[in-house]
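Start at 1 and go down the list; that is how both ligands and their atoms are numbered.
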Amino acid sequence: MIDFSLTERQLEIQGRVTEFIRDKIIPRENDPRQGGHGPQDDFRRELNALAKAAGLIAPHVGEEWGGMGLSHVEIAVAFEAAGYSPIGPIAMNCSAPDEGSMAMLEKIASQAQKERWLRPFASGEVRHCFAMTEPEGGAGSDPSMLKTVARADGEHFVIDGRKWLITGAQGAAFTIIMARVDGSGEKDGATMFLADMASPGIRIERVLDTIDSTFAGGHSVLVFEGLRVHRSQVLGELGEGGRYAQVRLAPARLTHCMRWLGLATRAHHIASDYARTRHAFGKPIGEHEGVGFMLADNEMDLHQCRLVIWHTAWLLDQGRRAGTESSMAKVLCSEAYFRIADRCVQILGGMGVTHDTLVERIFRELRAFRIYDGPSEVHRWALARSVLKGR
Ligand SMILES: Cc1cc2nc3c(=O)[nH]c(=O)nc-3n(C[C@H](O)[C@H](O)[C@H](O)COP(=O)(O)OP(=O)(O)OC[C@H]3O[C@@H](n4cnc5c(N)ncnc54)[C@H](O)[C@@H]3O)c2cc1C
């Protein structure tokens, strides 16, 4: 039986994160060290130091590696509270894409790789980027179209290829590269590699200007030209990159839903306050049915998303893969959050499109969620195929 009431421990985690975000993070939301490509690194480090002092760094990583070692349901509670501010997850070192890759490294990396890459990553000392998507007809919705190639050369591989939309590349200390291995003598196919960003053969071509502005480092075009990596830099096993991408993506889709739930709730709170206090035609606008119904729809969307997230997190805590459930949660939540943000803009009237409240930014931030980690159509298409197969 599933009990959706929070345990004392979950309530304690929720309370601590909520207080931290309210007292330490929200007052810093307008720090000028933020731009179209996210917060600058010195600001990020200051935020991380505050989270460390509060004992709230990397909730999803095991204590052995410097995190809080929370369960999936506890993570759901903590991430929602952190996500109430766009810079909350960055402060607690649990924002995308870093959070998903930390979780994957913890599951797949060798002990030596964890010491070298995971430990400084979990503490917030360094950031990373995850390089899979390619321009010009390469891997996108269909990852099997991977064009980046890793040619075996003795104890090394030589990687050539071009990636784009790579979040956080600017300022990252290392990258996880998805490349197609050729001639390994063992197992060819999609493989993940770890490489320091300072390695010769890695170049950031440009940082893209995009609709969102919260992700540290923005999103870049990344070029690999004759990048030499040692076999010890293969993450996990050769030819298993596709499977590891799913190991990373199933929980990572859900954690996006958790963080963005906090931000959608924030927009709803701002719009609700406005609806209570702004008068038109002789009464608060919230008492006009057109606005009241929008608030009610927001409440129902938020409630539905929270239940779906908690249920999927609970399945993960039971040791289930929950791939289909996290895929469904991603579509449901990304579409519901965008509806919520859109209604909030509408409720605020002209103020909704200004920078005078956070709602305009939330509206922009949430749009891309329907595209990354699989566009809604791809999830629906995969789900439809499994329905037709009779599952
Ligand atoms: C803000 C942002 C951050 C990102 N960060 C990263 C990152 O850090 N690392 C990384 O590797 N990638 C990243 N990406 C890339 C992201 O994962 C891809 O954009 C996504 O997988 C879609 O691939 P694509 O852009 O090539 O779209 P395409 O493959 O060109 O698809 C375009 C559209 O075609 C439709 N479509 C495709 N297949 C189907 C189908 N089977 N059925 C119905 N419709 C379909 C969908 O509507 C889709 O939106 C990021 C993207 C964004 C927007």
**Student:** What protein heavy atom lies closest to atom 48 (C) of ligand 1? Include the residue and the distance to one decimal.
**Tutor:** Pro375 CG, 3.6 Å

**Student:** Kindly say whether Ile13 contributes a backbone atom to a donor-acceptor pair with the side chain of Glu74 at under 3.5 angstrom?
**Tutor:** no

**Student:** Looking only at protein heavy atoms, which one is nearest to atom 47 (O) of ligand 1, and what is the separation?
**Tutor:** Glu377 OE1, 2.8 Å

**Student:** Would you mind checking which non-hydrogen protein atom is closest to atom 2 (C) of ligand 1, with the distance to 0.1 Å?
**Tutor:** Tyr372 CD2, 3.5 Å

**Student:** Which residue and non-hydrogen atom of the protein lie closest to atom 9 (N) of ligand 1, and at what distance in Å?
**Tutor:** Phe130 O, 2.8 Å

**Student:** Among Ile177, Asp373, Thr133, which one has a heavy atom closest to atom 12 (N) of ligand 1?
**Tutor:** Thr133

**Student:** Just which atoms of ligand 1 are under 4.0 Å from any heavy atom in Val378?
**Tutor:** 37 (C), 38 (N), 39 (C)

**Student:** Going by atom types alone, do Ser220 and Glu205 pair a side-chain donor with an acceptor below 3.5 Å?
**Tutor:** no

**Student:** Any chance the side chains of Thr148 and Arg180 put a donor and an acceptor closer than 3.5 Å?
**Tutor:** no

**Student:** Check whether any N or O atom of Ala368, backbone or side chain, sits under 3.5 Å from an N or O atom of ligand 1, and answer yes or no.
**Tutor:** no

**Student:** Going by atom types alone, do Glu106 and His60 pair a side-chain donor with an acceptor below 3.5 Å?
**Tutor:** no

**Student:** Checking contacts here: is it the side chain or the backbone of Arg380 that comes within 4.0 Å of ligand 1, counting heavy atoms only? Could be both or neither.
**Tutor:** neither

**Student:** Compute whether any side-chain donor of one residue and acceptor of the other, for Thr210 and Asp212, lie under 3.5 angstrom apart.
**Tutor:** yes

**Student:** For atom 35 (C) of ligand 1, is there a protein heavy atom at a distance under 4.0 Å?
**Tutor:** no

**Student:** What protein heavy atom sits nearest atom 5 (N) of ligand 1, and how far away is it?
**Tutor:** Thr167 OG1, 2.7 Å

**Student:** For residues Asp209 and His37, is any side-chain donor paired with an opposing acceptor at under 3.5 Å?
**Tutor:** yes

**Student:** For atom 20 (C) of ligand 1, which of Ile211, Ile371, Leu165 has the closest heavy atom?
**Tutor:** Ile371

**Student:** With a 4.0 Å cut-off, strictly under, does atom 50 (C) of ligand 1 pick up any protein heavy atom?
**Tutor:** yes

**Student:** For Phe157, does the six-membered ring have the charged nitrogen or CZ of Arg151 within the cation-pi criterion, i.e. under 6.0 angstrom from the centroid and within 45° of the normal?
**Tutor:** no

**Student:** Side chains of Ser199 and Arg228: donor-acceptor distance under 3.5 Å anywhere?
**Tutor:** no

**Student:** Side chain or backbone, does Asp142 bring an N or O within less than 3.5 Å of an N or O on ligand 1?
**Tutor:** no

**Student:** Relative to atom 22 (C) of ligand 1, which among Ser220, Ser141, Gly374 owns the nearest non-hydrogen atom?
**Tutor:** Ser141

**Student:** For the OG1 atom of Thr312 and the CG atom of Leu332, what is their distance to the nearest 0.5 Å?
**Tutor:** 9.0 Å

**Student:** Is there a polar contact between ligand 1 and His219, counting only N or O atoms under 3.5 Å apart?
**Tutor:** no

**Student:** Does atom 28 (P) of ligand 1 have any protein heavy atom closer than 4.0 Å?
**Tutor:** yes

**Student:** Is it true that Thr210 lies under 4.0 Å from ligand 1, counting heavy atoms only?
**Tutor:** no

**Student:** When you measure from atom 41 (N) of ligand 1 to every protein heavy atom, which one gives the shortest distance, and what is it?
**Tutor:** Trp381 CD2, 3.2 Å

**Student:** Can you tell me how the ring of Tyr372 sits relative to the ring of Phe215, calling it parallel under 30°, perpendicular over 60° and tilted otherwise?
**Tutor:** perpendicular

**Student:** So, Ser213 versus Glu365: side-chain donor-acceptor pair below 3.5 Å or not?
**Tutor:** yes

**Student:** Compute both the distance and the angle, then confirm whether Lys107 meets the cation-pi test with Tyr244: under 6.0 Å from the six-membered ring centre, within 45 degrees of the axis.
**Tutor:** no

**Student:** Is the shortest N/O to N/O distance between Ile166 and ligand 1 below 3.5 Å?
**Tutor:** no

**Student:** Report the nearest protein non-hydrogen atom to atom 26 (O) of ligand 1: residue, atom name, distance rounded to 0.1 Å.
**Tutor:** Gly140 CA, 3.4 Å

